Participant: 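This structure is in structure tokens; I'll ask about it shortly.
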Amino acid sequence: MQKIHYTKPSITELEVQYVTDAATNGWGERCYEYITRFEESFRKHLGVKYAIATSSCTGAIHMGLAALGIKPGDEVILADINWIASAAPITYLGGTPVLVDILPGSWCIDPSRVEEAITDRTRAIIAVHLYGNLCDMDALLDIGRRYDLPVIEDAAEAIGSVYDGKRAGSMGTFGTFSFHGTKTMTTGEGGMFVTNDSDLYEFVLTLSNHGRARGQTKQFWPDMIGYKYKMSNVQAAIGCAQIERINELIAGKLEIYTEYAMSLEGADVKLNPAITAKEQPGYWMVNAEFMNEGMGETQRQHVMTSLKGVNADARVFFWPLSSTGHFEKRHSVERSYSISQRSVNLPSAFGITKEDIHFVSEIVKASTQKSC
């Protein structure tokens with residue numbers, strides 16, 4: 001049986017054409033051509049003033065936090081349920097990730113828990129739009145204003161997500177994106193830093209290129225000690241093609257989610273939140289949360305084992321970061337631990353057929369029926 005992938009990119013002749021040109025001609029004076037073009041196209045798509053293509057989303061977060069002045073002893077609040085890439089850059093600067101619980105509806109950070117966790121050492125809040133679901137940005141931005149704290153959007157998984165008419169990543173002090181090969185749009189590896197703050201943009205732009213300021217006329221002169229987080233021209237060429245196809249890619253993810261929602265109607269599972277007048281999730285990956293808390297972990301394992309047996313991929317939900325042993329657990333995070341044990345990421349790759357979705361859904365439904 002042909003493999004059913006949990007995720008893979010959509011690559012067409014357009015991507016191949018641009019990459020071939022970049023690999024053949026994108027050197028010397030043309031070595032930044034596709035990078036500049038990609039940044040400008042992405043900036044316009046998102047509706048922000050500035051965009052910097054980076055080697056990863058992790059690097060983009062690292063530079064943004066550094067530009068905000070995060071230092072040893074500082075605290076940054078984020079949800080306990082996240083991939084470690086959202087928390088690790090805080091530690092690169094000597095800061096401390098403060099982990100709080102999630103909302104049951106979106107699986108994203110709970111604003112009320114954020115406010116409870118604020119101390120005189122808190123310096124920022126990171127809002128991760130998990131699986132393309134949307135954080136409650138109104139509440140988080142209000143907290144940020146009242147406590148004078150920057151709200152950072154980790155939109156690594158949220159290409160295509162829209163909150164109250166604004167694209168995910170465009171609302172905070174800065175936003176970051178991932179273009180890993182698993183994501184809705186890809187450059188193989190890579191990321192993007194975006195902001196509307198001109199000073200922050202200049203600082204991060206300098207950091208991204210070994211600390212060489214844009215206006216520096218002295219050759220090879222570092223104005224500060226920076227990082228090497230630049231995207232390559234070849235990677236950006238893929239990005240240029242992908243951003244030209246962005247509406248098609250976003251629509252493809254919505255189609256996959258819609259088919260799963262229809263196929264699993266009536267099953268004792270909860271999928272990603274549906275579209276509302278205010279929120280349009282990007283549906284990077286469809287997740288099934290088993291609602292029988294007593295059997296949830298058993299159901300998850302049964303589904304994953306059954307899918308593996310028919311050559312189909314699935315992924316566990318992210319682990320709570322505090323469960324890894326690398327971070328302190330200061331606050332109550334029951335929801336984070338519960339959902340991690342009861343959820344599975346269903347195959348959501350571009351190219352998955354309706355027949356494959358129905359096949360996977362039958363396995364999920366069979367699992368819920370066994371627990372009744």
Side-chain angles (χ1 to χ4, degrees), residues 5-46 48 50-64 83 85 89 154-160 167 169 174-195 201 204-214 216 219-220 222 226-250 252-253 282 284 349-351:
H5 297 277
Y6 72 85
T7 182
K8 68 176 181 179
S10 170
I11 302 296
T12 68
E13 284 302 315
L14 184 63
E15 284 83 0
V16 175
Q17 175 188 332
Y18 286 178
V19 168
T20 301
D21 178 55
T24 304
N25 304 306
W27 310 103
E29 294 180 353
R30 294 186 61 190
C31 69
Y32 298 114
E33 193 172 281
Y34 278 104
I35 298 172
T36 303
R37 179 172 154 189
F38 182 36
E39 290 171 339
E40 180 64 11
S41 297
F42 194 84
R43 180 193 70 76
K44 288 181 178 178
H45 166 72
L46 212 66
V48 295
Y50 308 104
I52 301 170
T54 62
S55 57
S56 68
C57 183
T58 308
I61 297 172
H62 184 191
M63 290 189 293
W83 174 227
D154 181 345
E157 303 166 3
I159 291 286
R167 294 196 179 277
F174 69 82
T176 62
F177 293 83
S178 170
F179 306 128
H180 184 267
T182 60
K183 297 301 191 292
T184 298
M185 66 169 287
T186 189
T187 58
E189 282 281 2
M192 191 75 75
F193 172 95
V194 301
T195 187
Y201 166 70
V204 172
L205 188 66
T206 300
L207 284 175
S208 72
N209 190 23
H210 293 297
R212 293 185 289 185
R214 181 167 53 160
Q216 178 57 253
Q219 193 173 30
F220 293 115
Y227 308 108
K228 179 64 171 177
Y229 281 144
K230 291 168 61 179
M231 178 180 282
S232 75
N233 203 42
V234 173
Q235 288 174 303
I238 303 174
C240 286
Q242 293 267 288
I243 200 69
E244 287 183 25
R245 300 177 53 229
I246 191 63
N247 291 333
E248 171 194 343
L249 298 175
I250 293 169
K253 288 295 185 179
W284 166 54
F350 286 112

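Remember, predicted model here, so these are calculated numbers, not experimental data.
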Participant: Within a strict 4.5 Å, meaning less than it, do heavy atoms of the Gln242 and Ile11 side chains meet?
Facilitator: yes
Participant: About how many Å separate CG of Asn233 and CH2 of Trp27, when rounded to the nearest 0.5 Å?
Facilitator: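 Spacing of CH2 (Trp27) from CG (Asn233) equals 7.5 Å.
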Participant: Give, for atom CD of Glu157 and atom NZ of Lys183, the distance between the pair rounded to the nearest 0.5 Å.
Facilitator: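 Rounded to the nearest 0.5 Å, the CD-NZ separation comes to 5.5 Å.
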Participant: Closest heavy-atom contact between Gly169 and Val194?
Facilitator: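 Shortest heavy-atom contact: O-CG2, 3.3 Å.
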Participant: When you measure from the side chain of Lys253 to the backbone of Trp284, do you find a donor-acceptor pair of N or O atoms at a distance under 3.5 Å?
Facilitator: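 Yes: the side chain of Lys253 pairs with the backbone of Trp284.
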Participant: For Tyr32, is the OH atom crowded, meaning more than 12 foreign heavy atoms sit under 6.0 Å from it?
Facilitator: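 Not buried by this count: 12 neighbours or fewer within 6.0 Å.
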Participant: Yes or no on side chain to side chain contact (heavy atoms under 4.5 Å, CB included) for Phe350 and Thr184, after CA distance, side-chain angles and deciding distance?
Facilitator: CA-CA 9 Å; Phe350 286 112; Thr184 298; 4.2 Å; yes
Participant: Please give me the minimum heavy-atom distance between Thr186 and Pro9, naming the atom from each residue.
Facilitator: CG2-CB, 3.6 Å
Participant: Under 4.5 Å between any side-chain heavy atoms of Glu244 and Ser41, yes or no?
Facilitator: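 Sidechains of Ser41 and Glu244: no contact.
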Participant: May I ask you to decide if the ring planes of Tyr227 and His62 are parallel, tilted or perpendicular, using 30° and 60° as cut-offs?
Facilitator: tilted
Participant: Rounded to the nearest 0.5 Å, how far apart are CD1 of Ile35 and SG of Cys240?
Facilitator: 9.5 Å
Participant: Does any non-hydrogen side-chain atom of Val19 lie less than 4.5 Å from one of Val16?
Facilitator: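 With C-beta onward as the side chain, the pair stays apart.
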Participant: I need the Tyr229 OH to Ser55 OG distance, nearest 0.5 Å.
Facilitator: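 Answer for the OH-OG pair, Tyr229 versus Ser55, is 6.5 Å.
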Participant: For Pro89 and Ala85, which heavy atoms make the closest approach, and how far apart are they?
Facilitator: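 Looking at all heavy atoms of both residues, the closest pair is CD-O, 3.0 Å.
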Participant: Answer yes or no: is there a side-chain heavy-atom contact under 4.5 Å between Ile52 and Glu39?
Facilitator: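 Side-chain contact under 4.5 Å: yes.
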Participant: Can you tell me if Thr54 uses its side chain to pair, donor with acceptor, with the backbone of Gly191 under 3.5 Å?
Facilitator: yes
Participant: Cys57 and Thr176: which non-hydrogen atoms are nearest, and at how many Å?
Facilitator: SG-OG1, 3.3 Å
Participant: Could you tell me whether the side chain of His210 and the main chain of Arg212 form a donor-acceptor pair under 3.5 Å?
Facilitator: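 No; judged by distance alone, with no hydrogens or angles, the pair does not exist.
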Participant: Show your working on side chain to side chain contact (heavy atoms under 4.5 Å, CB included) between Asp21 and Arg30 and close with a plain yes or no.
Facilitator: CA-CA 11 Å; Asp21 178 55; Arg30 294 186 61 190; 3.4 Å; yes
Participant: If I take atom OG1 from residue Thr58 and atom CE from residue Met63, how far apart are they, to the nearest 0.5 angstrom?
Facilitator: 11.0 Å
Participant: Quick check: do His45 and Ile246 have side-chain heavy atoms less than 4.5 Å from each other?
Facilitator: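 With C-beta onward as the side chain, the pair touches.
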Participant: Answer whether the closest heavy-atom distance between the side chains of Leu249 and Ser10 falls below 4.5 Å.
Facilitator: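 Side chain of Leu249 against side chain of Ser10, heavy atoms only: contact under 4.5 Å found.
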Participant: Please tell me whether Phe179 and Phe42 form a close aromatic pair, meaning their ring centres lie under 6.0 Å apart.
Facilitator: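 Yes; Phe42 has its ring centre under 6.0 Å from that of Phe179.
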Participant: So, Glu15 versus Thr12: side-chain donor-acceptor pair below 3.5 Å or not?
Facilitator: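 A donor-acceptor contact under 3.5 Å links the two side chains.
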Participant: Given 3.5 Å as the limit, does a donor-acceptor pair link the side chain of Arg245 with the main chain of Leu14, or not?
Facilitator: no
Participant: Measure across Phe193 and Gly64 and return the closest heavy-atom pair with its distance rounded to 0.1 Å.
Facilitator: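 In terms of heavy atoms, the two residues are closest at CE1-CA, 3.8 Å.
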Participant: How about Leu46 and Phe177: do any of their side-chain heavy atoms sit closer than 4.5 Å?
Facilitator: yes
Participant: Salt-bridged, Glu40 to Arg43, with N to O below 4.0 Å?
Facilitator: yes
Participant: Scan side-chain atoms only and decide if Glu189 and Gln235 contain a donor-acceptor pair under the 3.5 Å cut-off.
Facilitator: no
Participant: Under 4.5 Å between any side-chain heavy atoms of Thr187 and Met192, yes or no?
Facilitator: no
